[in-house]
Amino acid sequence: MQEEYNYTLTVPLQDVDEAELLLAEARANNPQMRLSRKPDRGGTARFYLCFPYAGSRTDLRFQEWFTTRNSKRWDLFGPNYGVWGLA
């Protein structure tokens, strides 16, 4: 089991391509980040981002990095603490 901090990013469907480019850059900066797409709902795309806890909060750099690049004011919800893996 692995401790992690996760976020949900919600963007309008018309911004999906732009969001995917930004998330690819985020993944390049954070190779251990897990990324998945939740089902679309209400005209929005939702992405789920997970950052493993490795003795320090690896997500904090992402949060600062994303804030400076969030020109469209997309909704980033989190961080939420969780545990990933089977018991």
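We use all heavy atoms of the structure for the numbers below, so side chains are in, but hydrogens, waters and symmetry mates are not.
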Q: List the steps and the verdict of side-chain contact (heavy atoms from CB on, under 4.5 Å) for Phe51 and Glu4.
A: CA-CA 5 Å; Phe51 296 85; Glu4 67 182 14; 5.9 Å; no
Q: State, with a plain yes or no, whether a side-chain heavy atom of Gln63 is found less than 4.5 Å away from one of Pro79.
A: yes
Q: State, yes or no, whether a side-chain contact exists between Phe47 and Leu76 at a heavy-atom distance under 4.5 Å.
A: no
Q | Spacing of Leu22 atom CG and Asp15 atom CG [to the nearest 0.5 Å] | A | 11.0 Å
**Q.** Results of side-chain hydrogen bond (donor to acceptor under 3.5 Å, both in side chains) for Arg61 - residues two or more places apart only
**A.** none
**Q.** Straight-line distance of Trp74 CH2 to Arg69 CZ, nearest 0.5 Å
**A.** 12.0 Å
(Q) I want to check something: taking the side chain as every heavy atom from C-beta on, are Leu13 and Asp40 in contact at a cut-off of under 4.5 Å? (A) yes
Q) Restricting to pairs with a member in residues 20-30, which pass side chain to side chain donor-acceptor pair (under 3.5 Å), not counting sequence neighbours? A) none
Q.
Would Arg41 and Arg46 count as a side-chain contact (heavy atoms from CB on, under 4.5 Å) here? Give the steps.
A. CA-CA 8 Å; Arg41 185 171 60 191; Arg46 299 179 307 147; 3.2 Å; yes
**Q.** Reference residue Leu49; test side chain to side chain contact (heavy atoms under 4.5 Å, CB included); the match among Asn6, Leu9, Thr8, Asp59
**A.** Leu9
Q: Supply the atom-to-atom distance Cys50 SG to Gln32 CD, rounded to the nearest 0.5 angstrom.
A: 12.5 Å
Q | Criterion ring-ring contact (aromatic ring centres under 6.0 Å, His included) against Tyr7, the qualifying member of Phe66, Phe62, Phe77 | A | Phe62
**Q.** Audit row: Tyr5, Arg57, side-chain contact (heavy atoms from CB on, under 4.5 Å) steps and yes/no
**A.** CA-CA 8 Å; Tyr5 286 86; Arg57 297 272 308 272; 3.1 Å; yes
